[in-house]
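Worksheet: one structure, shown below.
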Amino acid sequence: MAAVSVQHLHDPDSISYLSQSSAIGIDEHLMGPLGFSVDQLMELAGLSVASAIAEVYSSLDHARVLLLCGPGNNGGDGLVAARHLHHFGYKPSIVYPKRTDKPLYHGLVTQLESLSVPFLSHEDLPSELSSGYDIVVDAMFGFSFKGKNAPPFDKLVQLLTRTPNVVSVDVPSGWHVEEGDVNGLGLNPDMLVSLTAPKLCAKMFKGPHHFLGGRFVPPAVVNKFNLKLPPYPGTSQCVRIGRTPHVDVAALRENYVGSVLLENQVNSDPIQQFKEWFEDAVAAGLPEPNAMTLATADAEGRPSARMVLLKGYDARGFVWYTNYDSRKANELNSNPNASLVFFWDRLHRQVRVEGDVSPVSREESDDYFHSRPRESQIGALVSSQSAVISGRHILDESYEQLVAKYADSLAIPRPEHWGGFRLAPRAIEFWQGRESRLHDRLEVSYI
């Protein structure tokens with residue numbers, strides 16, 4: 001199969017970097033002929049900042065957020081970010097020493113006060129911010145700032161130079177928008193959230209986390225200013241740009257806090273207990289909560305595993321559908337012992353199921369097949385799963401031929417090589433992550 005060319009977001013040349021005049025020109029165009037208002041752009045910018053923070057710092061172990069807000073639009077972005085962080089489950093506090101006397105800013109302060117978000121005096125801050133806060137957001141000055149930091153912002157910037165987990169909004173405070181830290185302040189944030197497009201000073205940013213927030217930029221602005229911007233994933237309000245930080249795999253760990261799993265609290269029926277946890281995963285908005293690892297082994301005991309989707313469960317077991325000529329199906333035919341694993345990461349839960357596998361009835365396979373989208377039904381006819389083909393074009397051509405063949409048909413016949421399997425459980429284990437790796441684990445065995 002031919003290689004696919006993908007834009008490499010780690011390459012600085014693949015993204016536009018703005019001068020101060022270009023950044024001002026874009027804002028004027030957005031708020032002029034394109035009809036955006038300051039409060040709209042501020043809302044979108046603050047949401048982008050909060051979303052980027054949530055991408056890197058979990059609210060479970062980085063809940064305490066201090067936001068240092070300046071008197072201009074950058075400070076307004078910080079106020080909006082504080083509101084979103086509160087709703088994301090963080091505990092923001094705000095230092096806002098030079099308040100802007102305009103209705104927009106009065107409204108932002110009122111909104112935060114209604115949420116009981118504390119406003120602090122800069123004079124009451126500890127000499128080491130890390131002693132009281134897990135993250136510090138630098139929202140003091142943005143791309144329109146010139147000159148040197150006036151009191152009390154000069155001392156606040158000094159505090160940031162010796163503080164970990166600093167997040168700067170658009171431009172690190174005190175940096176020249178194009179040339180970086182020309183005054184030698186020594187502020188080197190851990191995260192930079194560029195807005196609309198990164199400014200030229202972002203090329204001097206050396207921290208591990210560089211994000212862009214600006215999903216609101218319309219094509220008219222992209223074309224007028226000849227911008228090169230990365231695509232945003234899914235529905236995200238931010239996208240990581242710059243070089244991926246070095247990852248120490250051995251140091252990666254999640255501190256599991258939250259729910260417990262005790263014998264006197266679980267349902268006596270393991271299928272009902274699974275139903276409760278599965279519905280919790282759905283309610284939590286987890287992507288594909290029905291995704292599960294299916295582990296099989298061939299007749300000689302050599303294992304293999306892959307992700308499949310649960311399509312039904314009841315007292316008889318857990319059902320999925322596949323191609324009967326695939327590797328997993330062949331292994332199940334020769335060795336019907338298998339296991340399933342569900343992992344719901346945000347809930348710190350997993351369910352492991354072991355049992356015997358057998359095909360579901362022809363009627364069940366027919367009913368499910370005809371409940372699928374028409375495109376998926378044709379896909380099942382096309383795909384020779386686990387077989388080697390000469391290229392992707394084989395699939396595409398076969399698909400188009402079958403689309404034409406069944407264009408006038410009311411029903412597409414289920415192919416004999418496609419159907420369902422059911423794992424009848426011998427054992428089900430429920431696992432709940434807990435602090436200090438002292439997890440809760442309960443197993444039910446069927447006799």
CA sep, side-chain torsions, deciding dist, call: Leu108, Val80, side-chain contact (heavy atoms from CB on, under 4.5 Å): CA-CA 7 Å; Leu108 294 174; Val80 172; 3.7 Å; yes

To the nearest 0.5 Å, tell me how far [X] [atom1] sits from [Y] [atom2].
X	Y	atom1	atom2	answer
Asn188	Lys206	CG	NZ	10.0 Å
Leu261	Gln432	CG	CD	6.5 Å
Asp356	Asn335	CG	CG	9.5 Å
Met42	Leu195	CE	CG	11.0 Å
Arg215	Cys238	CZ	SG	10.0 Å
Asn337	Leu332	CG	CG	9.5 Å

Residue pair His84, Glu43: steps toward the side chain to side chain donor-acceptor pair (under 3.5 Å) verdict: CA-CA 10 Å; His84 287 291; Glu43 184 67 31; 2.7 Å; yes

Using a 4.5 Å cut-off on heavy atoms from C-beta on, say whether the side chain of [Y] contacts that of [X].
X	Y	result
Leu30	Pro218	yes
Val319	Phe421	no
Arg434	Arg441	no
Leu423	Leu340	yes
Asp170	Thr196	no
Gln20	Glu178	yes
Val169	Asp138	no
Glu263	Leu442	yes

Steps toward side-chain contact (heavy atoms from CB on, under 4.5 Å) verdict (Arg306, Lys328): CA-CA 9 Å; Arg306 76 288 292 158; Lys328 57 183 171 293; 3.5 Å; yes

If you take all heavy atoms of [X] and [Y], which pair is closest and at what distance?
X	Y	result
His439	Gly433	ND1-CA, 3.5 Å
Met191	Val56	CE-CG2, 3.4 Å
Pro303	Arg327	O-NH2, 4.2 Å
Pro230	Leu212	CD-CD2, 3.6 Å
Phe216	Phe36	O-CZ, 3.9 Å
Val353	Pro425	CG1-CB, 3.7 Å

Worked verdict on Ser304 versus Arg302 for side chain to side chain donor-acceptor pair (under 3.5 Å): CA-CA 7 Å; Ser304 64; Arg302 291 174 298 210; over 6 Å; no

Check against side chain to side chain donor-acceptor pair (under 3.5 Å), His210 and Ser194: CA-CA 8 Å; His210 189 188; Ser194 294; 2.8 Å; yes

Side chain to side chain donor-acceptor pair (under 3.5 Å) between Tyr105 and Asn73, intermediate numbers included: CA-CA 9 Å; Tyr105 295 86; Asn73 290 347; 2.8 Å; yes

Glu397 bridged to Arg392 by N-O distance under 4.0 Å: no

Compute the ring centroids of [X] and [Y], then answer whether they are less than 6.0 Å apart.
X	Y	result
Tyr324	His417	no
Trp320	Phe318	no
Phe342	Phe278	no

Without swapping roles, check the side chain of [X] against the backbone of [Y] for a donor-acceptor pair under 3.5 Å.
X	Y	answer
Tyr96	Thr100	yes
His370	Ile412	yes
Thr110	His106	yes
Asp190	Asn165	yes
Asp298	Gly301	yes
Lys91	Gly89	no
Ser51	Leu47	yes
Ser398	Leu395	no
Ser19	Ser22	yes
Glu354	Arg426	no

Neighbour count >12 (heavy atoms, 6.0 Å) for atom CZ, Arg362: no

In residues 280-291, what donor-acceptor pairs under 3.5 Å come from side-chain atoms, sequence neighbours left out?
| unit_1 | atom_1 | unit_2 | atom_2 | d |
| --- | --- | --- | --- | --- |
| Asp280 | OD2 | Arg349 | NH1 | 2.9 |
| Asn290 | ND2 | Leu310 | O | 3.1 |

Trace of the side-chain contact (heavy atoms from CB on, under 4.5 Å) decision for Tyr321 with Ser365: CA-CA 8 Å; Tyr321 292 85; Ser365 290; 4.0 Å; yes

Test: Lys203 cationic atom under 6.0 Å from Tyr17 six-membered ring centre, within 45° of axis: yes

Derivation and outcome, salt bridge (charged side-chain N to carboxylate O under 4.0 Å, His left out), residues Glu364 and Arg422: CA-CA 11 Å; Glu364 285 180 90; Arg422 176 179 286 106; 2.5 Å; yes

Parallel, tilted or perpendicular: rings of Tyr368 and Trp418 (30°, 60°): parallel

Evaluation steps, side-chain contact (heavy atoms from CB on, under 4.5 Å), between Gln265 and Val260: CA-CA 9 Å; Gln265 296 177 353; Val260 300; 3.6 Å; yes

Pairs where residues 398-414 contributes a residue and the test salt bridge (charged side-chain N to carboxylate O under 4.0 Å, His left out) is met, not counting sequence neighbours: Asp366-Arg414

